[in-house]
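Take this structure first; my questions come after.
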Amino acid sequence: MKEWLKQIRKGYGKKLISIHAWNGWMVLVLSLSGLVLLSGYWRQILGAVRSWVKWLHIGVGLALLVPVLLYLMLAAKHWKQLKDRPLQKLNVILILILLGGWLLSGIILWQLRLAGPTWTNNALIVHDLLTWLGLPYIIYHSITRTKWLKEPNRRAVVVEAPEGLSEARPIYGRRSFLKWTVVLGLAAIFGPSFVKWMGRSLGTGSSSTEDLVQKDSNRLQPAPTPLPASSPPKGGGAIGEFRVYTVTPIPAFDNTNWSFSIDGLVERTLKWNWEEFVKLGRSVQVSDFHCVTGWSVYKNTWEGIPLKTLISIAGASPDATYVKFYSGDGEYTDSLTIEQAHLDDVMVAVMHDGRAIPSELGGPVRLIVPQMYAYKSVKWLNRIELIKEEHVGYWEVRGYDKDAWVPADRKA
Ligand SMILES: Nc1nc2c(c(=O)[nH]1)N[C@H]1C(S)=C(S)[C@@H](COP(=O)(O)O)O[C@H]1N2
Ligand SMILES: [Mo]
């Protein structure tokens, strides 16, 4: 046997404990960074730090291989030791499945450009599911195994020793009481997000897009009338759910505070109010929508004005090389080259599946760039500027790739 392996086996017990501790710390870092990456709240305030959190999450996630592999080398011996403890054996198996599942799905999400949308969407479901089930399990496991709960003299609420008895007797098991408190606490914390996640990912419960249409806070009149191809949606209705992403509070618009303009290096600067804008000729397309964090919404029926049509109405000057997009949230921008802006399916969208786009999904008007990751699809679009120098968009400044092309799908 190799010398170093012998060495490890000699210090078996100690090694096992330090592997366990390292693993625990890493899972703690991964949980916190993962929840930060998932949360809309942190998306709004972290800015460029979000990319660092992402790299930390990926780096520590990959490093998790070290304790897992070290453990596997000691596993046979450990297993013998657990001969009479089926619950502990089960625990080891669950933890290994959890770590392995997180690791594999995490690698696919990290390499999403190689994997393609089908793989990443499935990997995200696995990653999320393991998180909503595994994280409470691990927290439970670590709380109920702290020394504090294991020390026998602290386990029980005791009463004074009755006459003749030298030892105090427990009234009720403090340990089981605390365990149940932990279980209920975790259920209260994780339950709601788990139920929400189930509804969204597995298509049970009410569609969240439906809810978003209901609570639309835009008040623009008149409502756009859908073309026949839009209603019923010729794509048959979108498959999947949008996650609402924003870096600002959701803006709300009405006829007094909304306008749309195209300016910069154009022959005619143009500006529309809502009444004028809804009269512009629209067309209908069916396309998929992919976020770079791994989720997609398939077969969206979008109705709107092709970007190239708007550019040709305004007339691009010969020195216009980039097109810059401004969001009505006052923060978010992005850009395309003038060639990319002329792709047939780049659309200034006004309707989704035959209805006005709700405020949370970027309505009244949002950009759609189906062939690129959706950070290019600026929500609450209200200004287009043709420019000469490159403009680096909101997320690209904060670490996203300037090359946003979605790879061809590799069917799983
Ligand atoms: N104004 C604005 N547009 C935006 C974003 C944003 O935060 N603000 N997020 C982008 C990203 S990263 C994605 S994935 C999509 C999400 O669109 P949705 O919120 O409608 O699902 O919007 C894009 N456009
Ligand atoms: Mo995204």
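Just follow the structure's listing: the first ligand is 1, and inside any ligand the first atom is 1. Since we're looking at a predicted model, the values are computed, not measured.
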Do we get Arg243 above Tyr245's six-membered ring, with its NZ or CZ under 6.0 Å from the centre and within 45° of the axis?
no
Those residues at least two apart in sequence (or on a different chain) that pass side chain to side chain contact (heavy atoms under 4.5 Å, CB included) with Leu280 are Trp272, Phe277, Ile305, Leu310
Identify the protein atoms, limited to N or O, that lie within less than 3.5 Å of an N or O atom of ligand 1, and list each pair with its distance to 0.1 Å.
residue	atom	partner	partner atom	Å
ligand 1	1 (N)	Ser327	OG	3.2
ligand 1	1 (N)	Asp329	OD2	3.0
ligand 1	1 (N)	Lys379	O	3.4
ligand 1	3 (N)	Lys379	N	3.0
ligand 1	7 (O)	Val247	N	3.3
ligand 1	17 (O)	Arg366	NH2	3.2
ligand 1	19 (O)	Arg243	O	3.2
ligand 1	19 (O)	Tyr245	N	2.9
ligand 1	19 (O)	Lys379	NZ	2.5
ligand 1	20 (O)	Arg366	NH1	2.7
ligand 1	21 (O)	Arg243	O	2.6
ligand 1	22 (O)	Arg366	NH2	3.2
ligand 1	24 (N)	Ser377	O	3.0

Residues at least two apart in sequence or cross-chain that pass ring-ring contact (aromatic ring centres under 6.0 Å, His included) with Trp380, listed by chain then number, are none
Keeping to residues at least two apart or across chains, list the salt bridge (Lys or Arg N to Asp or Glu O under 4.0 Å) pairs with something in residues 258-284.
Asp263-Arg383, Arg282-Glu303
Contact summary for His127 and Trp102, nearest pair of heavy atoms
CE1-O, 3.1 Å
Step by step, would you call Met351 with Trp302 a side-chain contact (heavy atoms from CB on, under 4.5 Å)?
CA-CA 6 Å; Met351 307 190 82; Trp302 298 107; over 6 Å; no
